[in-house]
Amino acid sequence: FFFAYVGFDAVAGAAEEAQNPSRDLPLAVVASLACCALLYVSVALVLTGMLEGSYRDVDVAAPLASAFENQPGLQWARVLVDLGGLVGLSTTLLVGLYAQARIYLAMARDGVFPAWL
């Protein structure tokens, strides 16, 4: 859950590249937050609908992958879900590195870092 929202700090870090940041930044953050919330609710509803028993039957370690694995004819989707998780974590790391570089640049311009660095 945490990794889905970690990209918002990258949006704030890249604010200086926006043409009208006072208008564009809040709009972008609210729109992306709404998209994330809608996707989370949709996935939760679909996962709940795929369960044959109670919601307590969900495999906590890999809920989406196990839900697809237990459906007849959808075992191939487990590999797709696992691959999507791997790609999602990788892009989260890349966005974190991008935001970190932007923050270091802003700190260097503000004189927070020593001159020799």
Once rounded to the nearest 0.5 Å, what's the spacing between atom OG of Ser32 and atom CG of Leu27? 9.5 Å
Nearest heavy atoms of Pro21 and Pro26, plus distance in Å: O-CD, 3.6 Å
Among Asn20, Leu25, Asp24, which residue meets the side chain to side chain contact (heavy atoms under 4.5 Å, CB included) test with Ser22? Asn20
Mind checking whether Leu89 and Leu97 sit in one hydrophobic cluster, side chains of I, L, V, M, F, W, Y counted as touching below 4.5 Å? no
Besides Leu94, the hydrophobic cluster formed by Ile, Leu, Val, Met, Phe, Trp and Tyr side chains linked at under 4.5 Å, directly or via other members, contains none
Do Val46 and Val43 belong together in a cluster built from hydrophobic side chains that touch within less than 4.5 Å? yes
List the residues meeting side chain to side chain donor-acceptor pair (under 3.5 Å) with Ser42, not counting sequence neighbours, and say none if there are none. none
Should Val112 and Ile103 be regarded as members of a common hydrophobic cluster, given that ILVMFWY residues are connected when their side-chain heavy atoms come within less than 4.5 Å of each other, either directly or indirectly? yes
Rounded to the nearest 0.5 Å, what separation is found between the CD atom of Gln100 and the CE atom of Met107? 10.0 Å
Single-linkage hydrophobic cluster, 4.5 Å side-chain cutoff, Leu80 and Leu64 together: yes
Hey, could you give me each pair passing side-chain hydrogen bond (donor to acceptor under 3.5 Å, both in side chains) that has a residue in residues 73-83? Not counting sequence neighbours. Glu69-Arg78
Which atom names give the shortest non-hydrogen contact between Leu47 and Ala67, and what distance separates them? CD1-CB, 3.2 Å
Please report the shortest heavy-atom distance between Phe113 and Tyr104, naming the atom on each side. CE1-O, 3.5 Å
